Amino acid sequence: ALGKGRLTEDVLESLEEKLLAADIGIETAQAILEGVRKRARGGDVTPDQLLEWLAEEAKGLLPELPPASTLARHGSKPYVILFVGVNGAGKTTSVAKIAHRLVAEGNKVLLAACDTFRAGAIAQLETWAERAGVEIVRHQDGSDAAAVAFDAYAAAKARGHDVLLIDTAGRLHTKDNLMEELRKLVRVLRKHDPALPHETLLVIDGNTGQNALPQFRGFGSVTDLTGLIITKLDGTAKGGALLTLSREFGAPVRWIGVGEGLDDLIPFDREAFARGLFS
Amino acid sequence: QLTDKLDNVFRRLRGQHQITEENVSESLREVRVALLAADVHFQTVKEFIAAVKAKALGAEVLASVSPGQMIVKILHDEMVTLLGGQSEEPRFAGSPPVGILMMGLQGSGKTTASGKLAMLLRDKWHRKPLLVACDVYRPAAIEQLKVLGAQLGVPVYDEGLGDPVRIAKNGLQAAREQGCDTVIFDTAGRLQIDDDLMIELEKIQAAVKPSERFFVADAMTGQEAVNVAKTFNDRLDFTGVILTKMDGDARGGAALSVKSVTGKPVRYVGTGEKLDALELFHPDRMASRILG
Ligand SMILES: Nc1nc2c(ncn2[C@@H]2O[C@H](COP(=O)(O)OP(=O)(O)OP(=O)(O)O)[C@@H](O)[C@H]2O)c(=O)[nH]1
Ligand SMILES: Nc1nc2c(ncn2[C@@H]2O[C@H](COP(=O)(O)OP(=O)(O)OP(=O)(O)O)[C@@H](O)[C@H]2O)c(=O)[nH]1
Ligand SMILES: [Mg+2]
Ligand SMILES: [Mg+2]
């Protein structure tokens, strides 16, 4: 559609494709288009107006949250944040980025290397700890992840850390034994304090399509998810599955990963994200 | 299930034991929803549906099956054809050392797949592989590959942090010297829009001329699979695709989109984190998975 015109079936179809291309999914796409149709009320619209409305409808589906940096201004010390998610989503890198931010805000941060399974996982987090200038608690490769978490909390308490960040192994939500391992880690942590962890952040790869929903459901059934990190949005994927996550679960997205360096994490911004879907 | 949904369409519309333009169009609307939910690219869905419609309208419904079952059979057969028809494993032929270049987005499973291929080459093909560590960016990437090599008893060539192109060249030379007949080059994950890193990959390719170039893609990738694959293919002309994390519940529609837009075959699927979790890609199994 080039100039001003009616909202024809053709125009709606090309709008729908724009929505689908952003991984918004067919159902949410149709809900958004219904919203746009209502706004048009059968009148003439310009392409700019349409994009404006699309962004507004999308934004309307996204949660209004208190700013993410209220993270560490919490009563508890140490404030404990658990990072979970499927394999390769960007958990370890995100732990490093959050650590970096917290240090810049004046916090004393401790990392817990609870991916005791994957080749080079502990070495990877150790490198990040060094780069971010934070301490790390780790055991041997192949040791018990829950035990590392338990020890890390004790260390954080003893050494007066403000925040403890727990990195866990990637796991598919369909693997019952691995989800049980995660439950066990949480149970063991709670031996110290039933309020732990104070936060659980689900890390989702921004390239993910509709599998984002089963991931959220799966991890959500193991532990209360207090926030989401959507990574790799510096690529061409738009992360539109987030709209359906918001629409269905009120998914509280907090951070966006936009690169592989310590600084490449930005607080989630509804307006910017909604606009970015259609750029 | 899709068959049930389609049977309902035929039940709702009249003339339920005959395939008509109306009930085919209505059925294909359901199919479109199912395929989009399975992460097939919307353009691929469009083309696929058009092809199926043509076949469905020309089809005769057998008395023994419901029209819904008939359409599903056409859908399945058409999808199997689009996915390559049958499994076709690479032969790794050519004068040794045969090179295998791994490429793809960050976190897609390249390093793990490199280890899996090393195991496959040694155990199934009785070859002597060498792993080459060309990822000098990701913290402890070289360590990760070395650990996998040690687990397998497969040698790993690395130069620590250095120039990936030089590491690749030297790795190839090391293979010759060590009598390894296959070389697997693990590379850093990269965005297809990162021109510097794409040029680096092109330079590695030009330097070691690998006869196999595998695009490693995550089965949960959404619509962007097409743009990513197309760019990697336009620039690197990959020879095959490895679809990882197929042990999850992602429907894997990206497989259809990538095959359809690049024409390149999916060779293997990753079915777990362990090094033995690599299987040959089966178009019929994938078709059933995508159709749901
Ligand atoms: N471009 C880009 N790459 C990212 C981002 N976040 C993480 N990565 C990269 O994605 C890859 C995987 O990141 P990891 O932090 O190892 O992911 P993980 O979830 O810890 O992986 P597992 O522990 O193996 O499950 C690495 O190459 C990271 O550099 C991001 O926001 N943008
Ligand atoms: N469940 C499952 N996990 C897999 C599979 N393939 C790889 N992984 C896991 O996915 C994560 C990422 O794998 P890597 O091999 O590090 O991915 P990569 O492409 O080399 O990552 P970068 O080098 O950072 O781009 C790890 O946790 C692997 O164990 C698979 O087929 N199934
Ligand atoms: Mg990790
Ligand atoms: Mg790697």
Side-chain angles (χ1 to χ4, degrees), chain A residues 16-27 29-30 86-90 92-93 96 117-128 130-131 141 169-175 178 204-215 218 231-232 234-241 259-260, chain B residues 32-43 45-46 105-109 111-112 115 137-151 188-194 217-228 231 244-245 247-254 272-273 275:
Chain A
E16 187 185 61
E17 292 186 342
K18 216 168 171 52
L19 292 167
L20 292 174
D23 279 321
I24 288 174
I26 185 80
E27 286 185 24
Q30 285 172 348
V86 302
N87 307 73
T92 303
T93 310
F117 166 74
R118 205 208 69 212
I122 297 176
Q124 183 186 9
L125 193 65
E126 276 188 315
T127 307
W128 279 122
E130 200 172 320
R131 289 188 190 178
D141 280 341
R171 72 200 69 223
L172 298 181
H173 49 285
T174 48
K175 306 238 158 135
L178 298 183
I204 298 184
D205 187 324
N207 291 289
T208 310
Q210 300 312 300
N211 197 249
L213 286 94
Q215 285 181 30
T231 62
K232 309 178 196 172
D234 46 318
T236 51
K238 298 290 185 349
E260 303 188 68
Chain B
R32 178 173 184 260
V33 170
L35 293 179
L36 289 171
D39 289 325
V40 180
H41 192 268
F42 69 82
Q43 187 58 32
V45 172
K46 222 177 192 172
L105 294 177
Q106 290 88 346
S108 61
T111 304
T112 309
Y137 308 105
R138 169 172 156 156
I142 298 170
E143 167 81 3
Q144 183 184 6
L145 194 66
K146 280 182 165 167
V147 170
L148 296 184
Q151 284 175 1
R190 67 204 65 217
L191 301 177
Q192 84 280 11
I193 51 171
D194 184 332
D218 196 320
M220 63 180 103
T221 311
Q223 298 284 304
E224 209 51 32
V226 157
N227 287 333
V228 177
T231 304
T244 63
K245 307 174 204 172
D247 43 320
D249 58 1
R251 299 269 292 284
E273 294 193 67
L275 294 179

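Note that the coordinates shown come from a computational prediction; the quantities given were computed from them, not determined experimentally. Letters A, B, ... are given to chains in the order of the sequence lines, protein chains preceding strands, and every chain is numbered from 1.
- A donor-acceptor pair under 3.5 Å is formed between the side chain of B:Q223 and the backbone N or O of B:F42.
- Looking at B:L36, both its backbone and its side chain come within 4.5 Å of chain A, counting heavy atoms on both sides.
- When heavy atoms are compared at a cutoff of 4.5 Å, A:K238 does not approach chain B at all.
- Residue A:L20 touches chain B through both its backbone and its side chain, counting heavy-atom pairs closer than 4.5 Å.
- In this structure, the portion of A:Q215 lying under 4.5 Å from any heavy atom of chain B is its side chain and not its backbone.
- A donor-acceptor contact shorter than 3.5 Å links the side chain of A:Q210 to the backbone of A:D23.
- For the pair B:D39 and B:R251, the salt-bridge criterion is not met [side-chain N within less than 4.0 Å of a carboxylate O].
- Of the atoms belonging to B:I142, not a single heavy atom falls under 4.5 Å from chain A.
- For A:D141, no part lies under 4.5 angstrom from a heavy atom of chain B.
- Of the listed residues B:K146, B:K245, B:M220, the one with more heavy-atom pairs under 4.5 angstrom with chain A than any other is B:M220.
- Not a single side chain to side chain contact (heavy atoms under 4.5 Å, CB included) links A:E130 to another residue, sequence neighbours left out.
- If you tally non-hydrogen atom pairs under 4.5 Å between each of A:L172, A:T92, A:T93 and chain B, the highest count goes to A:L172.
- Annotation: side chain to side chain contact (heavy atoms under 4.5 Å, CB included) contacts of B:A140 (sequence neighbours excluded): A:A123, A:Q124, B:E143.
- Using modelled atom types, no side-chain atom of B:T112 and backbone atom of B:G109 make a donor-acceptor pair closer than 3.5 Å.
- Contacts with chain A were tallied for B:Q151, B:Q192, B:H41; B:Q192 has the most, counting heavy-atom pairs under 4.5 Å.
- Shortest non-hydrogen contact noted between B:T221 and B:A254 is O-CB, 3.7 Å.
- Residue B:A37 touches chain A through its backbone alone, counting heavy-atom pairs closer than 4.5 Å.
- In this structure, A:T231 contributes its side chain and A:A89 its backbone to a donor-acceptor pair below 3.5 Å.
- Of the atoms belonging to B:D194, not a single heavy atom falls under 4.5 Å from chain A.
- Contacts with chain B were tallied for A:G170, A:A119, A:P214; A:A119 has the most, counting heavy-atom pairs under 4.5 Å.
- Heavy-atom pairs under 4.5 Å with chain B were tallied for A:A21, A:A237, A:G235; the largest tally goes to A:A21.
- Using a 4.5 Å cut-off between heavy atoms, A:E27 makes no contact with chain B at all.
- For the atom pair CD (B:E273) and CG (B:D247), the distance works out to 7.5 Å, reported to the nearest 0.5 Å.
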